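Just below is one structure, and these are the notes that go with it.
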Amino acid sequence: MVVRFGVIALAIFVLNVDALFCELQSSCKGCTSTPGCFYNAAESTCENLVRAPFTNKINVINIPYDCPIPQPEAFPYTDAFGRDRAFLFSAASNGENKTQVEACLKKVNAQFYSQYTIPCDWLNQNCSAYIAVNPNEKSIVLTFRGSKGSTQFYTEALNLLTYGSRRSSLVDGDVFTYFIDAFEKLWAAGIKTDLETLKAQYSDYELWTFGHSLGGSLASLASVAAVKSKMFKKEEVKSVTMGQPRTGSLEYAISHDIYVPYSYRIVHAKDLITKLPFKVLPGQPNAYHHRFEVSFFEK
Ligand SMILES: *[C@@H]1O[C@H](CO)[C@@H](O)[C@H](O)[C@H]1NC(C)=O
Ligand SMILES: *[C@@H]1O[C@H](CO)[C@@H](O)[C@H](O)[C@H]1NC(C)=O
């Protein structure tokens with residue numbers, strides 16, 4: 001009896017000492033570097049890990065990488081770039097053909113270059129992208145279409161929920177198979193060679209990559225592939241995605257930040273897609289968002 005009481009008292013004492021220890025950490029980095037603690041993003045508090053299961057997992061930060069850091073000063077996110085460029089070019093990706101895409105590009109005086117529509121999964125559903133040349137702002141713009149129709153959405157979601165992923169020589173780290181399979185096919189279907197041709201022709205132009213949902217993940221991969229293959233220097237690439245799902249492993253996320261420092265993911269607070277695949281316990285297969293996250297549409 002006395003022994004049992006002693007064990008319980010000791011357990012309570014240890015938990016409290018631990019909890020106290022977490023509360024001493026005020027920064028997210030310090031907190032997540034301390035064993036047994038997690039950072040509660042909603043409350044800006046450092047808490048004992050035993051409380052993590054009782055906290056909305058969207059707010060649980062448990063590794064230093066996921067702590068928010070300031071945006072790059074050389075390319076701060078602006079509402080105008082998100083709304084008038086990333087959003088506009090992404091909307092144009094729904095055009096069925098050159099005529100329809102061109103109608104959308106008139107607003108920015110960008111020139112349609114080529115469209116790529118190919119079967120990209122085991123149900124032979126299409127993935128699509130197009131390239132435009134934007135002389136006013138000296139950029140080559142590569143935009144990927146989002147998932148089209150509920151069958152494609154569920155095929156994609158099935159992959160995310162089973163965490164199936166693999167490596168590819170085009171990028172670093174593991175990437176969800178739906179995204180990397182589609183990306184490798186599109187890249188080989190003319191995007192790579194056309195970018196090389198355009199880069200030779202417009203050597204001082206930047207590369208912008210845009211996309212929504214599935215298109216966001218593909219745009220993220222394209223920005224990395226363009227730098228990893230040495231086609232573009234990292235300062236020449238800007239990537240802005242909307243509603244992008246978690247695309248790959250922690251290694252992919254960290255490498256993305258190095259290859260593409262000017263990269264933003266626009267997130268709508270209630271958009272479930274951006275929370276997929278859900279984070280699970282450390283040590284299990286996991287998925288990470290790369291930098292930088294901005295809210296839709298932040299002023
Ligand atoms: C482009 O697609 C639209 C809608 O499907 C169609 O009406 C139009 O004829 C197409 N134009 C060309 C040039 O194929
Ligand atoms: C895929 O795209 C091709 C060419 O644009 C089209 O003919 C075909 O119907 C599309 N397939 C699906 C499943 O939408």
Side-chain angles (χ1 to χ4, degrees), residues 84-136 139-162 164-166 168 170-171 175-198 201 207-223 225-226 239 241-245 247 271-274 276-277:
D84 303 333
R85 294 296 177 269
F87 190 77
L88 185 143
F89 279 99
S90 293
S93 70
N94 291 307
E96 295 274 339
N97 52 40
K98 180 175 191 268
T99 319
Q100 290 192 335
V101 176
E102 270 178 344
C104 301
L105 296 183
K106 276 205 184 88
K107 288 179 195 149
V108 280
N109 288 316
Q111 295 146 13
F112 176 90
Y113 185 78
S114 188
Q115 189 173 34
Y116 318 84
T117 303
I118 52 158
C120 62
D121 65 22
W122 52 282
L123 293 175
N124 273 334
Q125 299 170 101
N126 287 334
C127 291
S128 182
Y130 73 92
I131 293 179
V133 177
N134 179 23
N136 288 348
S139 60
I140 297 158
V141 188
L142 169 59
T143 309
F144 294 85
R145 188 176 76 188
S147 44
K148 204 174 183 196
S150 55
T151 311
Q152 184 163 44
F153 174 79
Y154 287 120
T155 317
E156 192 186 328
L158 182 68
N159 170 226
L160 297 186
L161 295 174
T162 56
S165 58
R166 68 170 173 89
S168 161
L170 299 179
V171 299
V175 176
F176 290 104
T177 50
Y178 197 96
F179 304 141
I180 196 65
D181 288 354
F183 178 68
E184 283 184 346
K185 289 191 178 102
L186 282 163
W187 193 245
I191 292 180
K192 176 177 186 276
T193 49
D194 286 350
L195 284 182
E196 283 166 350
T197 304
L198 288 167
Q201 198 175 341
L207 173 68
W208 295 353
T209 71
F210 297 137
H212 170 251
S213 114
L214 162 64
S217 289
L218 298 175
S220 162
L221 294 166
S223 62
S239 178
T241 69
M242 286 146 287
Q244 179 189 332
T247 301
D271 184 1
L272 180 68
I273 301 292
T274 63
L276 290 177

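Just so it is clear, the structure is predicted and the values come from calculations on it, not from any experiment. All residue numbers refer to positions in the sequence shown, counting from 1. Counting starts at 1 for both ligands and their atoms, in listed order.
Contact annotation for atom 7 (O) of ligand 1: protein absent (non-hydrogen atoms, distance under 4.0 Å). By the definition of a contact as any protein heavy atom under 4.0 Å away, atom 14 (O) of ligand 1 is in contact.
Taking each of Glu102, Glu96, Lys98 in turn, the one with a heavy atom nearest to atom 5 (O) of ligand 1 proves to be Glu96.
Atom CG of residue Asn124 and atom OG1 of residue Thr151 lie 12.5 Å apart, to the nearest 0.5 angstrom. A distance of 13.0 Å separates OG of Ser213 from NZ of Lys148, quoted to the nearest 0.5 Å. The NE2 atom of His212 sits 8.0 Å away from the OG atom of Ser90 when rounded to the nearest 0.5 Å.
At the shortest separation from atom 1 (C) of ligand 1 among protein heavy atoms lies Asn97 ND2, 1.5 Å. Closest protein heavy atom to atom 11 (N) of ligand 2: Asn126 ND2, 3.0 Å. Among all non-hydrogen protein atoms, the one lying nearest atom 3 (C) of ligand 1 is Gln100 NE2, 3.4 Å.
Here ring pair (Phe, Tyr, Trp, His ring centres under 6.0 Å) pairs that include residues 102-121, with residues two or more places apart or in two chains, number zero.
Every residue meeting the salt bridge (charged side-chain N to carboxylate O under 4.0 Å, His left out) condition with Lys98, not counting sequence neighbours, appears here in chain and number order: Glu102.
Proximity of Lys185 to Pro119: side-chain heavy atoms (C-beta onward) are nowhere separated by under 4.5 Å.
Residue contact check: Thr117 has heavy atoms under 4.0 Å from atoms 2 (O) of ligand 2.
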